[in-house]
Number of protein chains: 2
Amino acid sequence: MEQRDLPCCEENLIHSDAVERVRGLLPRDETLYDLAELFKIFGDSTRVKILYALLEGELCVCDIAKLMEVTQSAVSHQLRVLKTSKLVKFRREGKTVYYSLADEHVTRILSQGMEHIQE
Amino acid sequence: MEQRDLPCCEENLIHSDAVERVRGLLPRDETLYDLAELFKIFGDSTRVKILYALLEGELCVCDIAKLMEVTQSAVSHQLRVLKTSKLVKFRREGKTVYYSLADEHVTRILSQGMEHIQE
DNA sequence: CTATCATATGAACATATATTCATTTGTTTG
DNA sequence: CAAACAAATGAATATATGTTCATATGATAG
């Protein structure tokens, strides 16, 4: 049998009312996209580990690299990602750059996630 | 100049004390990995959209497909991912399968993320 | 100014992953 | 049982993304 365009549920939806109602309640596509982009940042073990480390206070790039056991370059790339998403902030002191968490949202998001996986 | 193994911060760390302290406080690598895996699930706009839709109540696969404007197959694949991570649950009613959110963690995680991007 | 060190960046590569297409499974109805 | 339909699955493809290597930038010390 060959596939049609959208054979799913035919033209008459099973619950067209529900679909229309929900459609009206959904955030804008752009918002949902941004939200997914945010969570994508948390969706990498190196970055999550960096964020968890920064919960304990500020650290310089090379300290983080030691902790993660990855290249300084890799850490630097990831810190740029975190910085761009406003999840971390930094201050320069001579040659050294110290990174720290930008705000408490990071903590809360991490906590909620941790709760879910630990139940 | 050629690159050495780990020229970063030489052997004597800048803050070896801080590094060691934080190392002791970090969750296990496996836990951090699982956490990243969880957030990865939220890190896709299709899945986030599905989860937001389910905030309003249960929906069948084909309704979700209509809402997302993607293939029934794509939705089904994503629902499997969400199901595996215990973010959604389902019940069967005849030919139709209804999906709904598994618990309130989903709601909380979405809320925290939304707060961050909207500030 | 030159050397050195901490960090950042660019390019390349390898891996992961989301979607589509085709097909299958499972259920209901004639 | 056969047809029809909702949902699930497998394979293939295209794209995204994380790491490494090499190099550049920016800052301090001699």
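Throughout, protein chains are lettered first and strands after them, A, B, ... in sequence-line order, and every chain is numbered starting at 1. Just the heavy atoms: all of them, side chains too, but no hydrogens, waters or symmetry mates, feed the values below.
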**Request:** Indicate, yes or no, whether a donor-acceptor pair under 3.5 Å links the base of dA6(D) to the side chain of Gln72(B).
**Result:**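 No, no donor-acceptor pair under 3.5 Å.
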
Mind calculating the distance between [atom1] ([X]) and [atom2] ([N]) to the nearest angstrom?
| X | N | atom1 | atom2 | answer |
| --- | --- | --- | --- | --- |
| His15(B) | dC5(C) | NE2 | C1' | 14 Å |
| Lys66(B) | dA7(D) | NZ | P | 11 Å |
| Phe39(A) | dA16(D) | CZ | P | 21 Å |

Which residue pairs pass the salt bridge (charged side-chain N to carboxylate O under 4.0 Å, His left out) test when at least one of the two sits in [range], sequence neighbours left out?
| range | result |
| --- | --- |
| residues 53-62 of chain B | Glu58(B)-Arg91(B) |
| residues 70-90 of chain B | none |
| residues 95-109 of chain A | Glu104(A)-Arg108(A), Arg108(A)-Glu115(B) |

Using the 3.5 Å cut-off, write out each protein N or O paired with an N or O of nucleotides 15-20 of chain C and the distance between them.
from    : atom 1 : to       : atom 2 : distance (Å)
dT17(C) : OP1    : Lys40(B) : NZ     : 3.3
dA18(C) : OP1    : Arg47(B) : NH2    : 2.9
dA18(C) : OP2    : Arg47(B) : NH1    : 3.1
dT19(C) : OP1    : Thr46(B) : OG1    : 2.6
dT19(C) : OP2    : Gln78(B) : NE2    : 2.4
dT20(C) : OP2    : Thr71(B) : OG1    : 2.7
dT20(C) : O4     : His77(B) : NE2    : 3.3

**Asked** Listed by chain and number, what are the side chain to side chain contact (heavy atoms under 4.5 Å, CB included) partners of Thr107(B), not counting sequence neighbours?
**Response**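 Result, side chain to side chain contact (heavy atoms under 4.5 Å, CB included) vs Thr107(B): Leu55(B), Leu101(B), Ser111(B).
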
**Prompt:** What pairs with Ser45(B) under side chain to side chain contact (heavy atoms under 4.5 Å, CB included), at least two apart in sequence or on another chain?
**Reply:**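 If we apply the side chain to side chain contact (heavy atoms under 4.5 Å, CB included) test to Ser45(B), skipping adjacent residues, the hits are Tyr33(A), Ala36(A).
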
**Asked** Looking at residues 83-103 of chain A, who's got a heavy atom less than 4.0 Å off DNA chain D?
**Response**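 By residue number: Arg92(A), Gly94(A), Lys95(A).
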
**Item:** Main-chain N/O of Arg92(B) paired to Thr96(B) side chain as donor or acceptor, under 3.5 Å
**Value:**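 Not confirmed, Thr96(B) side chain does not pair with Arg92(B) backbone.
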
**Request:** Kindly state each residue pair satisfying ring pair (Phe, Tyr, Trp, His ring centres under 6.0 Å) with at least one member in residues 42-81 of chain A, sequence neighbours excluded.
**Result:**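 Listed once each, the pairs are Phe42(A)-Phe39(B).
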
**Residue list, salt bridge (charged side-chain N to carboxylate O under 4.0 Å, His left out) with Glu119(A), at least two apart or on another chain** =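 Result, salt bridge (charged side-chain N to carboxylate O under 4.0 Å, His left out) vs Glu119(A): none returned.
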
